[in-house]
Amino acid sequence: MQLNLKLAVLAAAVALAACGKKEEAAPAAAPAAAPVAAQVVKIGHVGPTSGAIAHLGKDNENGARMAIEELNAAGLTIGGAPVTFELLAEDDAADPRQGVAAAQKLIDAKVAGVIGHLNSGTTIPASQLYSDAGIPQISPSSTNPKYTRQGFATAFRVVADDVHLGTTLGKYAVETLGGKNVAVIDDRTAYGQGVADEFEKAVTAAGGVIVGREFTNDKATDFNAILTTLKARNPDVVFFGGMDAVAGPMLRQMKQLGINAKFMGGDGICSGELPKLAGDTIADDQVYCAKAGGIDPADQPGMDKFLADFKAKFGADVQIYAPYVYDAVNVMVKAMQEANSTDPAVYLPALKAINYKGVTGPIAFDEKGDIKNGALTLITYRGGERHELAVIR
């Protein structure tokens, strides 16, 4: 009985101690990490998607779209946040005033960079606005030397300039085509006049004679007066500084007038559309041009894949510069990745120092923003198709 009492007292004491002891709270669960918000990075593209050379502008824009879609599919992260790229495409109609308006629209939209413009005449005035805003600009096709010689830290291009292009064509006209008497026509645009001036210098330096220099404009369709004047001077070569939309009708009228000279031009006439614009009047090896860019044999497989993918996606062959636009977009984004920032002020130094291997070949920039060791591709037309003659660096 006494043992049972002791056990009862002990049990009561244990129970009393348990009742007085506070229950320890379970450790609080760590709050779920908030998802990192995706950042939308706007990249502008400007080219003429209306007007006579809309086919070239659309070609360029499609190159940009292809790059943007591939980058978004890759799921990139920059600055610790996932990135979605948005293409803001503007039409400048190859008109300088509209080009400036398009540039201001992109600046107001706070783009992180701009690819464009297509023409030197729109690229050069727009470049002042981009420079003032601190927005990097890469032109995939503007070749007038002035563009990168204004001292703007934001101006870059991924093709060779008119000094290289015009000099190569002028030398080729005299030394390879045997042109002794050479006539020159330009459309008075920054591009057309610039490449014609360089061509004329090179012809003279190579021992050729300029028998006439005539002028038209980038919207003209009737050239009978200037062609009749030049015909009387019996040129071996007629050079036109301008775009394919004007060169096509000019070739038709040369044939109508019985002018049998070789016809030359810069990259502006080197399109797949030229034979159609000329009404199938181009004889084999009559037309020669140089595209500001070129693919070395080691890079050809990559370019072939790009051309096939482009046609499968857009249902059209590349005109001229879509691959260079594609590379320009990728170069800009690569600089953002290397700087780990989409802020133009932060990634601009990385863009200046870029060393990138694109479908068009290696891309690095000199102190002016020009591509280093830029290539040219000499082209003629045979059977209504472009035929590459040589790549020159």
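Because the structure is predicted, anything quoted here is derived from the model rather than measured. Throughout, numbering of the chain's residues begins at 1 and tracks the sequence.
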Could you state the interatomic distance from [atom1] ([X]) to [atom2] ([Y]), rounded to the nearest 0.5 Å?
X      : Y      : atom1 : atom2 : result
Ile107 : Gln104 : CD1   : CD    : 5.0 Å
Gln39  : Thr84  : CD    : OG1   : 9.0 Å
Met250 : Phe240 : CE    : CZ    : 4.5 Å
Lys368 : Arg149 : NZ    : CZ    : 5.5 Å
Asn144 : Tyr191 : CG    : OH    : 10.5 Å
Asn330 : Gln337 : CG    : CD    : 9.0 Å

In terms of side-chain heavy atoms, does [X] have a donor or acceptor partner in [Y] at a distance below 3.5 Å?
X      : Y      : answer
Asp91  : Ser50  : yes
Thr216 : Arg188 : no
Asp343 : Ser341 : no
His387 : Asp284 : no
Gln150 : Ser127 : yes
Thr122 : Asp92  : yes
Tyr347 : Asn340 : no

Are [X] and [Y] side-chain neighbours, meaning at least one heavy-atom pair lies under 4.5 Å?
X      : Y      : answer
Leu177 : Met264 : yes
Tyr172 : Tyr288 : yes
Thr148 : Arg157 : yes
Val114 : Ile43  : no
Phe156 : Val331 : no
Phe223 : Pro249 : yes
Thr189 : Gln193 : no
Val182 : Val209 : no

Exercise. Dump the intermediate steps for side-chain contact (heavy atoms from CB on, under 4.5 Å) on Ile138 and Leu351, then the final yes or no.
Key: CA-CA 10 Å; Ile138 305 176; Leu351 183 58; 4.1 Å; yes
Presence of salt bridge, [Y] and [X], under 4.0 angstrom:
X      : Y      : result
Asp327 : Lys357 : no
Arg213 : Asp197 : yes
Asp309 : Lys305 : yes
Glu69  : Arg65  : no
Asp236 : Lys262 : no
Asp317 : Lys311 : yes

Self-check item: Pair Tyr326 and Phe306, ring centroids less than 6.0 Å apart
Solution: yes
Self-check item: From Leu56, Asn119, Asn60, Asp95, residue fulfilling side chain to side chain contact (heavy atoms under 4.5 Å, CB included) relative to Pro48
Solution: Asn119
Quiz item: Name the one of Thr221, Thr281, Leu227 that satisfies side chain to side chain contact (heavy atoms under 4.5 Å, CB included) with Gln253?
Solution: Leu227
Heavy-atom count around [X] [atom1] within 6.0 Å, excluding the residue itself: above 12?
X      : atom1 : answer
Lys146 : NZ    : no
Asn72  : CG    : yes
Glu385 : CD    : no
Arg393 : CZ    : yes

Quiz prompt | Steps toward side-chain contact (heavy atoms from CB on, under 4.5 Å) verdict (His45, Glu90) | solution = CA-CA 6 Å; His45 175 270; Glu90 293 293 331; over 6 Å; no
Quiz item: Given the rule in the side-chain contact (heavy atoms from CB on, under 4.5 Å) test, do Phe215 and Asp187 qualify, once you have shown the distances and angles that lead to the verdict?
Solution: CA-CA 6 Å; Phe215 314 106; Asp187 66 359; over 6 Å; no
Transitively linked via ILVMFWY side-chain contacts under 4.5 Å: [X] with [Y]?
X      : Y      : answer
Ile115 : Val159 : yes
Val83  : Leu87  : yes
Met332 : Val325 : yes
Leu376 : Ile269 : no
Val287 : Leu389 : no

Practice problem: For side-chain contact (heavy atoms from CB on, under 4.5 Å), just list the numbers for Val203 and Ile210, CA-CA rounded to whole Å, side-chain angles, deciding distance to a tenth of an Å, and then say yes or no. | Solution: CA-CA 8 Å; Val203 166; Ile210 302 298; 3.7 Å; yes
[X] (side chain) donor-acceptor with [Y] (main chain) under 3.5 angstrom:
X      : Y      : answer
Thr377 : Val391 : no
Ser141 : Leu118 : yes
Ser139 : Ser142 : yes
Ser131 : Phe152 : no
Asp366 : Asp370 : yes
Lys231 : Leu257 : yes
Gln300 : Pro297 : no
Asp299 : Pro301 : no
Arg252 : Ala247 : no

Quiz item: Should Asp161 and Thr143 be marked as a side-chain hydrogen bond (donor to acceptor under 3.5 Å, both in side chains) after you check the CA-CA gap, both sets of side-chain angles, and the distance that decides it?
Solution: CA-CA 4 Å; Asp161 69 13; Thr143 54; over 6 Å; no
Quiz prompt | Val163 to Pro145 - nearest heavy-atom pair and separation | solution = CG2-CG, 3.6 Å
Exercise. Might you point out which heavy atoms bring Gly166 and Ala202 nearest each other, and give the distance in Å?
Key: O-CB, 3.9 Å
Exercise. Could you check whether the rings of Phe199 and Phe239 sit parallel, tilted or perpendicular, using 30° and 60° as the cut-offs?
Key: parallel
